[in-house]
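Heads up: the structure comes next, in structure tokens.
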Amino acid sequence: MKTSQLWFAIFLLSLASALAQSNPATPPTAPQVTVIRAGTLIDPRANEPLHNQVIFVIDDRIEAVGDAAGSTIPPNVKVIDLSNATVLPGLIESHTHIFLQGEDPALGGYDIQLLKFPLAYRAARATVSARRALEQGFTTIRDMETEGAGYGDVGIKMAVNEGRIPGPRIFTTTRAISTTGGYPLEGYAPEIEVPKGVQIIDGPVQARKAAREQMDHGADWIKVYMTHRSWSDKNGKLVSQPTLTLEEIKAITDETHSWGRKVACHAYNGEGLQRALDGGCDSIEHGLGLTDANIAQMKRQGTWYCPTIAIYCKEWSPENTPAGRRDRARAAEHEQSFKKALQAGVKIVFGTDVGGFSWEEPIAQEFPYMVKFGMSPMDAIRSATIAPAEMLDMSGKIGIIAPGAYADVIAVPGDPLKDITGLGRVKFVMHNGQVFKSEISGP
Ligand SMILES: [Zn+2]
């Protein structure tokens with residue numbers, strides 16, 4: 001008997017005796033015990049899946065995981081039978097916008113969301129977005145700014161944590177930061193004051209103050225836009241306008257790190273991306289045009305890469321228009337950047353920018369692009385489990401099914417290691433030990 005099996009046997013005995021001795025007069029304080037039978041279990045720490053496992057959940061945590069063969073499930077506990085399914089840890093989405101609802105020009109694009117939607121309406125829809133993430137198996141999200149909805153994400157997170165609305169665990173960034181000329185809304189008459197989708201700063205003093213304000217009001221991370229407009233030059237190469245100076249981004253990373261928090265930088269390529277890296281940012285968002293030198297620096301500094309591929313691979317503007325050329329240049333460079341970063345062993349996390357496209361679309365559409373561009377299905381799963389858990393300083397707590405972790409458990413039919421699109425068919429979701437969705441029938 002392996003040590004782990006021995007511990008598991010001891011755990012079962014102690015659980016059985018604890019249940020036998022529990023006083024029926026005090027049911028409200030009795031621990032809630034659930035046992036999940038997993039036909040196949042994908043542990044992202046291992047290379048091969050396990051079969052015929054049982055997972056013991058007590059309240060919101062995983063208590064034990066072990067072989068079903070030979071183990072006795074105590075009587076009177078709730079058993080969830082996922083023998084016909086593949087069970088995985090709850091997934092982590094590292095780049096969402098719950099306060100955005102797509103940018104379809106036919107529906108008013110980005111601007112209408114800031115100009116015509118009352119904040120309460122946006123919050124109501126953000127509530128639905130949070131639910132959408134959870135029902136697709138994403139039990140944790142890093143939400144990458146509210147796009148003009150202020151500290152709304154902190155409010156949604158509060159409501160989720162209090163159990164008032166269903167939703168994933170949320171890491172907030174609140175308002176995000178860019179410079180004058182570095183973010184929409186734009187293109188209006190200069191006499192008219194319009195809202196901005198971020199907090200605008202100019203100079204390192206304002207930069208540091210914005211980071212302090214946002215963290216003071218509940219930002220778990222700080223989001224910074226290090227590039228803004230992009231176009232293709234006469235050779236078809238992608239060019240991006242930098243925003244913050246090195247001095248400005250350094251003020252933000254210095255302040256944020258001293259609070260024990262991290263900085264995510266939206267950066268396409270070029271000078272803005274270089275300043276993000278030189279300024280010590282913790283994650284590069286999008287990174288469409290990473291040079292070999294950028295990649296080497298990311299490796300050296302341990303910078304995370306959240307590529308968000310799918311959103312750049314569709315709905316291009318018509319060919320032979322400036323926007324159409326730009327869209328194609330972006331996608332072509334992005335594919336190369338991803339492949340090079342993957343080869344070099346840069347730490348990659350799964351993210352989609354959902355909200356930039358409609359929340360009605362499947363989040364899992366990103367996985368097939370990662371696999372198509374060379375990532376193994378197991379590494380794609382890791383990019384949405386153990387990798388972001390480490391980025392979020394939550395290793396051992398989320399992204400795995402192991403003793404001590406939060407009981408975030410999902411299941412899909414079939415084998416996602418053979419067909420990665422299977423992650424788009426999540427039929428069972430448990431979050432913090434509570435079953436949120438259960439559409440899988442037993443054997
Ligand atoms: Zn985004």
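Order of listing sets the numbers, starting from 1, for every ligand and every atom in it.
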Original post:
Should the pair E333-R330 be classified as a salt bridge under the 4.0 Å nitrogen-to-oxygen rule?
Top reply: no

Original post:
From the Zn ion (ligand 1), how many protein N/O/S atoms are found at a distance short of 2.8 Å?
Top reply: 3

Original post:
Should the pair K437-E135 be classified as a salt bridge under the 4.0 Å nitrogen-to-oxygen rule?
Top reply: no

Original post:
Who are the ring pair (Phe, Tyr, Trp, His ring centres under 6.0 Å) partners of Y121, not counting sequence neighbours?
Top reply: F117

Original post:
With sequence neighbours left out, what residues match F138 under ring pair (Phe, Tyr, Trp, His ring centres under 6.0 Å)?
Top reply: F350

Subject >> Heavy-atom closest pair, residues L82 and I440 >> reply: CD2-CG2, 4.0 Å

Subject >> Residue pairs passing the salt bridge (charged side-chain N to carboxylate O under 4.0 Å, His left out) test where at least one lies in residues 155-183, sequence neighbours excluded >> reply: K157-D220, E162-R164, R169-D408

